[in-house]
Amino acid sequence: MGHMSDQPARWTQATVYPDMWADPDDDPRNSEGTGPDGELATLQGFLTDYRLTLRMKCDGLDAEQLARRSVPPSTMSLLGLIRHLAMVERDWRNWISDDEPLPRLYGRRDADFDEAVADQALVDAAYADLEREQAATDAALAAHPDLGERLGKDRTSVRELMVHRVEEYARHCGHADLLRECVDGRVGQ
């Protein structure tokens with residue numbers, strides 16, 4: 001007799017490579033030809049791909065699924081990740097500025113995850129926050145193409161900031177892999 005489970009069955013939409021999220025022709029991260037020239041373009045390319053990966057892991061889910069928590073006591077959810085990354089994009093601008101810091105995007109500490117609840121208006125706001133904060137950080141850094149330039153009160157190099165951004169998105173895309181699999185069983189890189 002089979003065992004009933006609340007766990008979704010694992011599946012992938014990909015048909016060409018079963019360990020991928022999407023087939024190469026359908027994957028917006030898939031580019032033909034040689035990679036970018038130079039360190040800055042390479043870092044920007046990886047950042048763009050990880051941002052797309054996060055979006056892809058969240059696509060097709062409703063507010064309840066996006067807000068679904070992983071495993072207790074964690075408050076992590078896909079919606080929480082979207083809010084968290086919007087918040088850290090704002091924080092990175094504080095690193096490179098000599099001005100007064102921008103206020104925390106969601107107020108108190110951990111509100112990015114704790115207040116990620118199943119409400120479509122909150123989901124829409126989180127995506128808008130992420131897009132706005134990414135664009136603002138991208139624009140702020142575009143004025144500093146020299147990766148060795150040191151910015152802000154702590155004299156952080158542009159290189160360190162770019163690598164940290166890639167690392168932050170990569171780490172959270174790993175979380176998104178597991179969160180999405182828990183929601184509906186979909187797997188793939």
Side-chain angles (χ1 to χ4, degrees), residues 12-61 66 76 78-99 101-102 104-105 112 124 126-181 186-189:
T12 180
Q13 191 168 314
T15 60
V16 177
Y17 303 108
D19 64 336
M20 299 302 289
W21 186 259
D23 286 329
D25 290 344
D26 299 326
D27 193 335
R29 302 165 299 179
N30 196 22
S31 61
E32 299 295 321
T34 59
D37 287 329
E39 186 178 3
L40 179 58
T42 299
L43 290 168
Q44 289 170 329
F46 274 94
L47 181 60
T48 296
D49 284 350
Y50 280 122
R51 286 174 169 175
L52 282 168
T53 298
L54 178 69
R55 284 281 196 163
M56 292 167 71
K57 295 294 177 170
C58 296
D59 282 347
L61 300 178
L66 288 168
M76 191 175 290
L78 289 165
L79 179 57
L81 288 178
I82 294 166
R83 290 167 49 95
H84 174 72
L85 288 164
M87 184 192 71
V88 295
E89 287 281 358
R90 177 174 283 195
D91 287 346
W92 287 323
R93 286 198 318 283
N94 286 331
W95 290 10
I96 64 174
S97 174
D98 291 324
D99 299 333
L102 297 165
R104 290 184 65 85
L105 188 57
D112 45 347
D124 295 342
Y127 277 117
D129 290 345
L130 182 60
E131 289 175 18
R132 181 191 64 245
E133 297 301 324
Q134 286 173 336
T137 304
D138 290 347
L141 284 172
H144 305 282
D146 177 359
L147 291 173
E149 183 179 357
R150 296 194 168 273
L151 306 171
K153 295 173 184 147
D154 293 334
R155 310 309 299 156
T156 303
S157 73
V158 174
R159 177 179 290 103
E160 180 182 351
L161 183 56
M162 288 298 296
V163 169
H164 186 77
R165 290 172 84 199
V166 170
E167 178 271 335
E168 184 83 8
Y169 278 89
R171 183 166 54 95
H172 290 310
C173 281
H175 295 133
D177 285 341
L178 297 172
L179 288 162
R180 179 63 187 253
E181 187 174 352
R186 186 166 178 192
V187 296
Q189 15 186 150

Test item: Trp21 and Lys57 side chains (from C-beta on) under 4.5 Å apart, heavy atoms | yes
Indicate yes or no: at least one non-hydrogen side-chain atom of Leu61 is less than 4.5 angstrom from one of Arg180.
-> yes
Rounded distance [0.5 Å steps], CG in Leu151 versus CD in Glu149 = 4.5 Å
Atom pair NE2 (His164) and CG (Leu43), whose distance is rounded to the nearest 0.5 Å = 13.5 Å
Heavy-atom check, side chain of Leu105 versus side chain of Asp112, under 4.5 Å | no
How far does CG of Leu47 sit from OG1 of Thr42, to the nearest 0.5 angstrom?
-> 12.5 Å
With distance as the sole criterion, is a donor-acceptor pair present between the side chains of His172 and Glu167 under 3.5 Å?
-> no
For residues Thr137 and Arg93, is any side-chain donor paired with an opposing acceptor at under 3.5 Å?
-> yes
For the side chain of Asp23 and the backbone of Val16, is there at least one donor-acceptor N/O pair under 3.5 Å apart?
-> yes
Side chain to side chain, Asp129 and Arg83, heavy atoms closer than 4.5 Å = no
Partners of Arg51 by side chain to side chain donor-acceptor pair (under 3.5 Å), sequence neighbours excluded?
-> Glu89, Asp138
Met20 to Ala14 - nearest heavy-atom pair and separation | O-CB, 3.3 Å
Output, in order, the C-alpha distance, side-chain angles, deciding distance and verdict of side chain to side chain contact (heavy atoms under 4.5 Å, CB included) for Leu141 and Arg165.
-> CA-CA 12 Å; Leu141 284 172; Arg165 290 172 84 199; 3.2 Å; yes
State the CG-CZ distance between Leu130 and Arg90, to the nearest 0.5 angstrom.
-> 12.5 Å
Between atom CG of Leu66 and atom CD1 of Ile82, what is the distance when rounded to the nearest 0.5 Å?
-> 5.5 Å
Side chain to side chain donor-acceptor pair (under 3.5 Å) with Asp49: which residues, sequence neighbours excluded?
-> none
Which of parallel (below 30°), tilted (30 to 60°) and perpendicular (above 60°) describes Trp95 and Trp92?
-> perpendicular
Which salt bridge (charged side-chain N to carboxylate O under 4.0 Å, His left out) pairs, counting each pair once, include a residue from residues 151-160, with sequence neighbours left out?
-> Glu39-Arg159
What's the shortest heavy-atom distance between Asp177 and Gly188, and which atoms?
-> OD1-O, 3.8 Å
With a 4.5 Å limit on heavy-atom distance, are the side chains of Leu54 and Leu85 in contact?
-> yes
Decide if atom CG of Asp146 counts as having more than 12 heavy atoms of other residues, nucleotides or ligands within a radius under 6.0 Å.
-> yes
Do the side chains of His84 and Met76 get nearer than 4.5 Å, heavy atoms only?
-> no
Stepwise, does the salt bridge (charged side-chain N to carboxylate O under 4.0 Å, His left out) test hold for Arg55 with Glu131?
-> CA-CA 11 Å; Arg55 284 281 196 163; Glu131 289 175 18; 2.5 Å; yes
One should read off an interatomic distance between Thr156 OG1 and Arg150 CZ, to the nearest 0.5 angstrom, of 7.5 Å
Non-hydrogen side-chain atoms of Thr53 and Arg29 separated by less than 4.5 Å = yes
Is there side-chain contact between Asp19 and Thr12, with at least one heavy-atom pair below 4.5 Å?
-> no
So, the side chain of Asn94 versus the backbone of Leu102: is there a donor-acceptor pair under 3.5 Å, distance only?
-> yes
Test item: Arg104 side-chain N/O and Met87 main-chain N/O as donor-acceptor pair under 3.5 Å = no
Indicate the atoms forming the closest heavy-atom contact of Met56 with Ala22, along with that distance.
-> CE-CB, 4.5 Å
